[in-house]
Asks: 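Let me begin by handing over the structure; questions about it come next.
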Number of protein chains: 2
Amino acid sequence: MDMGNRKRLILQAIIEDYINHAEPVGSRTISKKYLTGTSPATIRNEMSDLEDMGYIEQPHTSAGRVPSDKGYRLYVDKIMKQNTIDEAQREMIRRKFVDSLGEIDRLVKHVSKLLSQMTQYTSIVMAPQFRRTSVKQVQFIRIDKAAVLAVIVTDAGILKNIILRLRQDVTQDTLIRISNMLNDKLSGLGIEDIESIDLHDMLNDSMGHGEIIEQVVSELIQTLLYSDTTEVYRDGVSNILNLPEYSDINKARSFLNIMEERELLFKVLNDVRGDVNVSIGSENKLEQFKECSLITATYKVNDKTIGSVGIIGPTRMEYSKAIAIVECMTKNLSEILTSILRR
Amino acid sequence: MDMGNRKRLILQAIIEDYINHAEPVGSRTISKKYLTGTSPATIRNEMSDLEDMGYIEQPHTSAGRVPSDKGYRLYVDKIMKQNTIDEAQREMIRRKFVDSLGEIDRLVKHVSKLLSQMTQYTSIVMAPQFRRTSVKQVQFIRIDKAAVLAVIVTDAGILKNIILRLRQDVTQDTLIRISNMLNDKLSGLGIEDIESIDLHDMLNDSMGHGEIIEQVVSELIQTLLYSDTTEVYRDGVSNILNLPEYSDINKARSFLNIMEERELLFKVLNDVRGDVNVSIGSENKLEQFKECSLITATYKVNDKTIGSVGIIGPTRMEYSKAIAIVECMTKNLSEILTSILRR
DNA sequence: AATTAGCACTCAATACAATAGAGTGCTAAC
DNA sequence: GTTAGCACTCTATTGTATTGAGTGCTAATT
């Protein structure tokens with residue numbers, strides 16, 4: 001069947017009305033509010049076609065139509081006009097960003113809050129992931145006779161620290177020598193590469209500190225590789241309760257449960273590729289998101305992707321606005337991070 | 001009016017039944033389930049007295065009775081028997097703790113999760129607050145020509161790092177000298193004391209690095225003093241939706257809103273004094289908690305209070321169990337932290 | 001051939017009344 | 001002091017109309 005221009009307009013009307021009011025849209029409404037020149041009957045015929053084509057659905061016989069996932073998809077890909085958020089808003093975002101200079105984690109948390117506030121949906125944000133970068137240097141600070149703080153500076157300038165518990169005392173001096181040696185061996189390596197390092201080689205150079213080095217390296221690997229310490233922040237979880245689709249307490253509960261599963265959110269964010277991404281309802285791989293839409297985007301430092309953010313909302317999301325906001329936000333975040341961490 | 005023993009038993013029955021079923025308790029129920037030797041009529045008379053005395057209330061004429069805040073308070077103070085959680089559970093807690101050795105923040109987060117899982121309420125936990133301790137040493141690591149990482153080790157062994165952006169380059173060597181000097185001046189001082197330090201004094205010793213020192217110290221003060229970076233973790237927020245008192249979506253929403261206000265939670269946790277603490281409904285200072293009960297407790301390192309945890313639930317909370325769990329948890333947390341951070 | 005008006009039909013939501021059930025307070029008996 | 005009995009109150013539930021939005025189909029119109 002052919003997708004005439006009028007069908008397109010009607011689909012758009014249905015989607016945009018449904019986005020705003022969360023209620024099935026009937027032919028009369030469309031005739032009155034959107035296509036004033038066309039009678040309800042005509043619209044009904046077109047709607048019937050649209051339903052056959054799978055773009056809209058009827059919750060029950062005597063209700064209006066609601067968009068299907070396929071309908072939203074078409075809308076996002078072809079119909080929706082780019083929502084360019086206005087300069088005032090853009091400026092607002094920029095200013096807010098500069099305000100929160102300081103610690104990177106705080107910046108990221110701030111982004112999460114901003115995202116949820118501006119979209120009125122739930123936001124999730126992953127802190128910069130430095131596994132994707134490579135090690136630049138490792139430094140040690142002796143805290144006391146049983147504990148050493150290891151500080152890792154990476155490619156992207158992001159750092160992380162790990163407390164190492166040692167079985168034997170070491171002087172700050174020894175630590176400096178160890179770190180010099182480690183820097184020799186490790187610097188430039190991707191963090192994944194560290195795993196495959198030949199420890200023996202290193203132990204030969206160990207100047208009698210074999211045990212310490214072994215412990216340090218293995219703890220390093222452990223921490224870096226296996227403990228996913230990358231923080232995931234969320235904000236605006238309660239926004240979801242403002243939506244009529246979550247007035248059912250059970251749905252609300254299951255949504256909240258999802259939002260408390262850090263692992264899950266991490267997985268979602270970690271799989272994000274490309275720039276801005278939209279997954280609608282059933283397009284989501286994860287069962288738990290089959291009734292939501294997700295807008296995700298990545299952010300970068302020096303053009304290297306190191307993290308991602310996302311917006312979670314109902315399938316009747318204000319795609320155009322949400323996409324624009326997410327886009328602007330990650331662009332700014334990337335810029336700021338890059339400038340903060342410039343080497 | 002006198003509080004006879006039977007009245008006490010009836011009050012206990014009402015409270016415990018209401019805790020379990022969240023529904024007004026009638027005289028017949030009590031007669032059948034709790035005081036099998038006594039007839040409903042007698043119990044009704046006693047209940048009438050208890051109501052006059054303000055320990056119980058009637059939602060409406062033909063409903064059973066529910067405990068008032070005053071009733072819960074009496075229950076917690078006088079009636080409730082200490083719930084000694086059994087050895088298995090205690091052991092479980094201990095084991096779980098040891099599992100999550102490693103980073104302190106992760107440990108704390110873990111405590112939050114454990115608390116909510118074991119109580120089935122919402123937990124809030126404040127990360128160790130090192131403002132309450134004093135500085136032990138300050139170390140610097142040069143990251144690149146414009147950035148230095150300052151690591152602060154405190155009394156309790158807890159550390160924190162701050163990235164300082166400098167206007168001029170410094171060598172690692174210079175940094176070591178600066179840190180030696182700073183350690184001289186600062187070590188042993190309470191973090192609040194740092195503010196009142198005589199900068200001039202320091203600048204005289206500055207060996208030509210006045211500008212850097214000035215910047216370092218002022219940044220230090222700024223970060224330490226004014227930015228409340230103490231994390232607040234929460235867990236089990238969605239548990240609240242399992243409770244019938246939150247089946248009203250509006251109540252649920254307002255609860256969630258509270259739980260997203262980090263500042264508020266921080267304030268609550270920050271005001272906790274003493275060991276274990278119970279505030280019931282209207283006893284809470286904050287308007288937002290007038291319909292909840294809060295069980296809070298502090299944890300320590302080397303007998304120095306450095307943080308607190310809390311459980312938020314409905315007034316019909318399982319006080320006895322919750323108190324026992326919170327108590328056990330903070331005790332273990334204190335022990336583990338103290339042993340981890342032993343100097 | 002496309003559009004529109006008209007009409008019968010469907011179905012959810014709402015309102016309303018009737019009923020059942022839980023619980024109380026009071027009185028009188030034990 | 002305790003208990004049984006009874007009238008009374010109030011909520012929750014269930015069943016029954018009623019309303020109204022919306023559709024699909026058919027026939028008339030352009």
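Throughout, protein chains are lettered first and strands after them, A, B, ... in sequence-line order, and every chain is numbered starting at 1.
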Asks: Without decimals, in angstroms, what is the distance between A/Arg65 CZ and D/dG22 C1'?
Replies: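 Interatomic distance, CZ of A/Arg65 to C1' of D/dG22: 9 Å.
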Asks: Would you say B/Ser48 reaches C/dT24's phosphate, i.e. side-chain N/O to OP1/OP2 under 4.0 Å?
Replies: no
Asks: State, to 0.1 Å, how close B/Ser320 and B/Lys81 come at their nearest heavy-atom pair, and which atoms those are.
Replies: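 Between these two residues, the closest heavy atoms are OG-O, 3.6 Å.
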Asks: Please give, in whole Å, the distance from D/dG1 C1' to B/Arg6 CZ?
Replies: 8 Å
Asks: With heavy-atom distances below 4.5 Å as the criterion, would you say the side chains of A/Glu261 and A/Ile258 are in contact?
Replies: no
Asks: Atom CD of A/Glu46 to atom P of C/dA2: distance rounded to whole Å?
Replies: 10 Å
Asks: Looking for any heavy atom pair under 4.0 Å, which part of the strands does A/Ala63 touch: base, sugar-phosphate only, or nothing?
Replies: sugar-phosphate
Asks: Under 4.0 Å from OP1 or OP2 of C/dT24: is there any side-chain N or O of B/Thr61 that close?
Replies: no
Asks: Name the closest nucleotide to the A/His60 side chain, picking from D/dG22, D/dA4, C/dA12.
Replies: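 The answer is C/dA12, which lies nearest to the side chain.
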Asks: Assign A/Gly4 to base, sugar-phosphate, or nothing according to its heavy-atom contacts below 4.0 angstrom with the strands shown.
Replies: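 No contact.
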Asks: Where the side chain of B/Thr38 is defined as all heavy atoms beyond and including C-beta, which of D/dT3, D/dC10, C/dC11 is the nearest nucleotide?
Replies: D/dT3
Asks: Rounded to the nearest angstrom, tell me the gap between atom CD in B/Glu57 and atom P in C/dT24.
Replies: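 Checked: the CD to P distance equals 15 Å.
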Asks: At under 4.0 Å, does any side-chain N or O of B/Thr42 touch on OP1 or OP2 of D/dT3?
Replies: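 Yes, B/Thr42 has a side-chain N/O under 4.0 Å of OP1/OP2 on D/dT3.
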Asks: Compute whether any side-chain donor of one residue and acceptor of the other, for A/Ser238 and B/Asn257, lie under 3.5 angstrom apart.
Replies: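 Looking only at side-chain atoms, B/Asn257 and A/Ser238 do form a donor-acceptor pair, the distance falling under 3.5 Å.
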Asks: Counting heavy atoms from C-beta on, name the nucleotide in C/dT10, C/dT24, C/dT4 closest to the side chain of B/Met47.
Replies: C/dT24
Asks: Over how many whole Å does the gap from B/Arg28 atom CZ to D/dG5 atom C1' extend?
Replies: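 Interatomic distance, CZ of B/Arg28 to C1' of D/dG5: 14 Å.
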Asks: Between A/Glu16 and A/Tyr75, do the side chains contain an N or O donor and an N or O acceptor separated by less than 3.5 Å?
Replies: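 Checked: A/Glu16/A/Tyr75 side chains pair up, N/O donor to acceptor below 3.5 Å.
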Asks: Is it true that atom CD of B/Glu291 has more than 12 heavy atoms of other residues, nucleotides or ligands lying nearer than 6.0 Å?
Replies: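 At most 12 heavy atoms, drawn from other residues, nucleotides or ligands, come within 6.0 Å of this atom.
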Asks: Between the base of D/dG5 and the side chain of B/Arg44, is there any donor-acceptor pair under 3.5 Å?
Replies: yes
Asks: Heavy-atom nearest nucleotide on DNA chain D for A/Glu51 versus B/Pro40: which residue maps closer to 5'?
Replies: B/Pro40
Asks: Would you mind reading off the distance between B/Ile30 atom CD1 and C/dT24 atom C1', rounded to a whole angstrom?
Replies: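 About 13 Å, once rounded to whole Å.
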Asks: Between C/dA22 atom P and B/Ile14 atom CD1, what is the distance in whole Å?
Replies: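 So the CD1-P distance, B/Ile14 to C/dA22, works out to 18 Å.
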Asks: Think B/Ser62 has a side-chain N or O under 4.0 angstrom from the OP1 or OP2 of C/dG23?
Replies: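 The answer is no; no side-chain N or O of B/Ser62 sits under 4.0 Å from OP1 or OP2.
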Asks: Mind calculating the distance between CD1 (B/Ile56) and P (C/dT24) to the nearest angstrom?
Replies: 9 Å
